[in-house]
Every structure is written in structure tokens, then in C-alpha cells.
Amino acid sequence: MAIVQSLLLIAGFCLQANLLLGNIVSAHENIDLPESVPLVHPANFSETTPVNTSWLWRKSFYSLNPDVAKALRPLFDYQFVLPEQSLRAGLGYVGAARRLRKFVTDLLEGSRTLKIGVVGGSISHGMIASNRGVTDWFSIFVKWLTSVTKAEVKSLNGCRPATPSSYMVFCMEHSVDPEVDLIVIEYSLNDGFDDSIAKNSIVMGKEQLVRRLMKLTNQPAVVFLQVPHVWPHYVHPFYYTPEDVEGALVAYYDVQTVSLRTSMFLLNLHNPTPGFLWNETYSNRHPMDTGHKAMADLVIHLIQEVAVGLYTWPISEEEVSWRKMPLPPPMHEGNYEPTSATCLVVEAFANLSIFSEGWQWINEGTDTKPKWGFVSTIPGSELILRLGRPGVNGLAAAAVVKNATFPLLMHYLGSYTSMGQADVDCLGGCYCQARLDGWMSLPNGVKATVTRMALIDVTWKNQSLPCDLRLTVLNETSSDGHKFKVSGVVFASTNSLTSSHPVSTWTDF
Ligand SMILES: *[C@@H]1O[C@H](CO)[C@@H](O)[C@H](O)[C@H]1NC(C)=O
Ligand SMILES: *[C@@H]1O[C@H](CO)[C@@H](O)[C@H](O)[C@H]1NC(C)=O
Ligand SMILES: *[C@@H]1O[C@H](CO)[C@@H](O)[C@H](O)[C@H]1NC(C)=O
Ligand SMILES: *[C@@H]1O[C@H](CO)[C@@H](O)[C@H](O)[C@H]1NC(C)=O
Ligand SMILES: *[C@@H]1O[C@H](CO)[C@@H](O)[C@H](O)[C@H]1NC(C)=O
Ligand SMILES: *[C@@H]1O[C@H](CO)[C@@H](O)[C@H](O)[C@H]1NC(C)=O
Ligand SMILES: *[C@@H]1O[C@H](CO)[C@@H](O)[C@H](O)[C@H]1NC(C)=O
């Protein structure tokens, strides 16, 4: 049904994009912000301020029996920066933690290679950390894990700046080792905010992501790392994040949560604490080194707590048998994860092009934060992408769900400035029709660049002909320019495209 309605949905995406961004912007103006410390940087402020080592502290343990103390000692050789009360407050849902207890058992035994991953946006990618690969939270965490176990630890930072969790639902294969054992999810800021409890599209998309991850070979443990919504000059209220509505999801699937939001509000609102103020931990929406260290602290604290718990309450046979049970049905009725999804970005996307006139294949980002795509600024420019070939059992053929029709998700850029429109139609044996607008109407002074995802129905009527998709830049524009950019396509076999809905607001973090 989602497929039949896709043309309507395309209109829906644009609407939703504006609504969601509208929320973000107007919330600043309309919501009464609590008396949090203001976010003001002095003129000589440096984003690369290191962690102040005089704040570091170590946990002490009392009344442990000597054998347990000996087994756990290596795990506790770690110095935290987050003050103790704030560290403890940031431990969110732990639950039965069946999978995480298994992971920590393997960590303590050290008898097999452990694979660790993270998916998220630019925060966990490590933007603004003074030395990405060293001072970002994931690197600190991996370094610590490596130091506490005899096991080999392999890690993959799969974060993609400027994407929400719904991107990862479809594009996981580029970011996650299929044999991962522990995966952290950090999307709180990029996913925006939606206050509905029932059928919240952010939570529904996240559910599909959690299900896809949990179904991976090694039954990985999943942990949510929830961050506050910190903007360049203000901070959204405590509740203004998807963290709480996602609470239902973590409890339902027995995955764990740690919350930088809770930790940081304590240090900025309840008890403003020098060294941990918003402006000392954040810059331009991203945590600086002290913020990264705080995130690592929270995840490490969770692992330590689970380790202690293994001694006070060892794994029983019953726990093992519960762990082996298949996933329950989705929390939201029918909200199954895609059965397969292939995401063509960067070179694989470029390879689809069989004709282009007036388009350039360029990286508009940097080497560490690449933004590859086909870009055109000239009306009339045509780009033709070959989605399927006759006789080849390719992606398009595999994606066909009903009556030769398959859903295609197209990544394109939305921006506040100089963006134009493009028509989409299909050639050869295929039929499709859509119009995409890259311009976003935003309130004065708001500069946002987002990557959007449009759902396009493609019907491959005659499969003895190739299936080609054409993008044509139009004369019409809602802005003063004609720029149009496409950066990827997804072929998905899924019976619920719910998770593609919130994709409309990928704020360019
Ligand atoms: C943080 O903000 C306070 C005012 O609230 C200011 O005094 C201080 O200099 C700022 N520090 C940094 C590092 O931006
Ligand atoms: C910024 O300037 C103030 C006043 O000159 C000085 O006290 C402070 O140490 C400087 N801070 C940094 C990070 O350079
Ligand atoms: C580090 O923290 C200590 C204790 O709060 C303080 O005295 C010192 O000035 C701080 N150092 C820097 C470089 O901010
Ligand atoms: C793109 O095409 C080139 C040339 O045919 C090929 O060598 C390369 O492996 C392809 N890359 C991807 C990611 O498909
Ligand atoms: C744009 O307008 C020009 C001049 O009216 C016309 O020749 C051209 O076909 C139009 N191009 C498109 C893509 O509509
Ligand atoms: C599929 O195609 C058949 C024959 O063309 C048609 O009768 C049927 O309604 C189509 N089903 C859907 C779901 O479009
Ligand atoms: C499909 O395309 C082939 C090759 O052009 C053509 O011979 C055939 O008639 C087409 N089939 C239909 C049903 O249009």
C-alpha cells in the first residue's frame, strides 16, 4: 500500500520537511526555555580546548570479595571526567540487558574477537573533537575496551554526518560490520523532534533500524547514546528530544540507554558547574573534547555496571534461552524492517550514470566529511541513471514487489539558498514520474542544508528493455537559482516504508 501511495508521499515529504524544520525553529521562539546557563562564547574561545586533567577521577569499590575484585580490576582502571552524580544520572534504561551481559562476559573472558560499531551523525563521527581518532568518544571507548580485554577488538565508526537514523535503515551495509557484537546508536539531534506517542515517525524509523541491527549474525548488543539538542546559541528544553518516546522502544527490545542529556542538564541547570557548562563542552551543535570524554564516560560506566551485575547475579540457563528467542513482532503494528536494502552512494552511485549533460560529479565536502553527488545549475541539463538491465538479475529486478513496480529512494539536497527543481521520468522499459524541489522555505536568517529522500515508484513494464531514470533541471525555481544535487539511490525490499518518512530533514550537521 505504501508503494501505491508513493506519489502522494512525495508531496508529503516536502510538507513534512517544512513542518519539522518549522518545529525546530519556532520552538526556539515559542517554547519557554528553562533557566539554563546561556550558550555564549567569548571572542577568543577555542574549539580545541583539551580536557582539564585536574577534573579526572577514578571509581573506588568497597566490600567486593577479593576474587571478584581481581577479575574486575582491569575494567575499573579508567578515569572519568563527568562528576559522579552526573555520571550516575546519565545511566538510563539498563533492563535485563541479556545481550549486553553476553557481550561483557565475552569481554571478560577475552577468548574471541569482538567487533564494535557506532552509527549516528556528525557528533559521533567526531566533528569538532580536537583529534578525530583519538579524542572523539568512540575512539576513547575503543581504546579503553582494548585495554581491558585479552580479546582482539575491531571497531568501525559508521557514522555519516548530516543523516538521520532512517538513512541508516537502508544504508547500513556501508557502515556496519555484519558480524558486529556491540553497536551504539546516536541520532538524537539529527532525528529532530516529534512529540507524538503513537505512530511517531522518528520512533518507527528507529524501530526498523534496531530490528535490522538486532537481526545481524552475532546477535549484537545495542546501546542508545542519547544527546541533548544543543544549538549554536541556545539549548532546547530537557524533554525536547526523541529520547523519552524512544524509551518505549528500548524497553520493548531490551536495549540500553545512556543519556548525555540527563548528565548535562544536571551540570547546567540544576547545579551549574564550571568546566561543564554548555559553552565549555559544546561548539556549534557538537561536543568538544570534554563533551566527547563525557560520552565515553557514560558508555564505559554502563559496561562497568553490567560487569559488576554479572557477579552479583550470574547468567542463568533461563537467561540464555530467553536471549535465543527470536525478535518479538514490531512494537508498532506491521513496522517490520526492510528484508533487504541496497544503498548506492559515492562511486557506486556515480557508476549508474550512462549519460550526463550539464551535470558534474563532485565532492562538495572535504576528504574527512565527503559530500559526493551529481550537481547541475543549468536548466535543461539531463542526467540518465541506468537502474536495471534486461536479462540481468540486478537490483531493480530484485526490488520489484508488485506488478513490476519497485520503490526507489532518491537522495537529493535541500537548502535555503539558490536551489532549483528537477523533473524525474523514466526511459526504456520503465515508467516513473516525480518532481523534486531543492529549495526550502525557512524563516529569516535560518541557514540549513539538508539531504532529503524522495520515494519514487518505478514500474518496469517491459523487462526486455533497460530501466533508465532521467533527471532534468527545470526552468522553474522557487529561489534565485537552479542548483540541483542528487547523491544516491536506495533499492529496498520492504513492506513498510514508514522509516523513510522522517528522512526529509537531514540537517547538515
Ligand atoms: C561561557 O559562558 C560564560 C557566561 O555564561 C562566560 O563567562 C565564559 O567565558 C564562557 N566560556 C567559554 C569557554 O565559552
Ligand atoms: C580569553 O581572553 C581572556 C581575557 O583577555 C583571558 O582571561 C582568557 O584566558 C582567554 N581565554 C583563552 C581560551 O584564550
Ligand atoms: C583546570 O581545572 C582546575 C581546577 O578546577 C583549574 O584551577 C584550572 O585553571 C583549570 N585549567 C584550565 C587550563 O582551565
Ligand atoms: C564502478 O565502475 C568501475 C569501472 O567499471 C569499477 O571498477 C568499480 O568497481 C565500480 N565501483 C563500484 C563501487 O561499483
Ligand atoms: C526553458 O526555457 C527555455 C526558453 O523558454 C526553453 O527553450 C527550454 O526548453 C526550457 N527548458 C526546460 C527544461 O523547460
Ligand atoms: C497488477 O496488474 C494486474 C494486471 O495488469 C491488475 O489487474 C492488478 O490490479 C494490478 N495490481 C496492482 C496492485 O496494481
Ligand atoms: C518489449 O520490448 C521489446 C524490445 O524493444 C519489444 O520487442 C517488445 O514488443 C516489448 N514488449 C511489450 C509488451 O511492449
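Remember, it's a predicted structure, so these values are computed and weren't measured experimentally. One-based numbering, in listed order, for ligands and for the atoms of each.
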Ring centre gap for Trp55 and Phe276 strictly below 6.0 Å | yes
Are the charged groups of Asp77 and Arg58 less than 4.0 angstrom apart, N to O?
-> yes
In plain terms, say whether Lys206 and Asp191 are close enough for a salt bridge, that is, a side-chain N and a carboxylate O under 4.0 Å apart.
-> yes
Should you measure from each heavy atom of Ala348, which atoms of ligand 4 turn up under 4.0 Å away?
-> 13 (C)
Just which atoms of ligand 4 are under 4.0 Å from any heavy atom in Glu347?
-> 1 (C), 8 (C), 9 (O), 10 (C), 11 (N), 12 (C), 13 (C)
Over-ring placement of Lys59 relative to Phe76, 6.0 Å and 45° cut-offs | no
By chain and number, the residues contacting ligand 3 below 4.0 angstrom (heavy atoms only) are Asn52, Ser54, Trp55
Of Leu260, Val119, Val227, the one forming a side chain to side chain contact (heavy atoms under 4.5 Å, CB included) with Glu186 is Val227
Under 4.0 Å from a heavy atom of Val473: give me the atoms of ligand 5 that qualify, with their elements.
-> 13 (C)
Gly414 backbone acceptor or donor facing Trp439 side chain under 3.5 Å | no
Output for pair (Arg212 CZ, Phe170 CZ), nearest 0.5 Å, gives 8.5 Å
Counting both backbone and side chain atoms, is some N or O of Thr472 under 3.5 Å from an N or O of ligand 5?
-> no
Do Ser46 and Thr48 have side-chain atoms, one donor and one acceptor, less than 3.5 Å apart?
-> yes
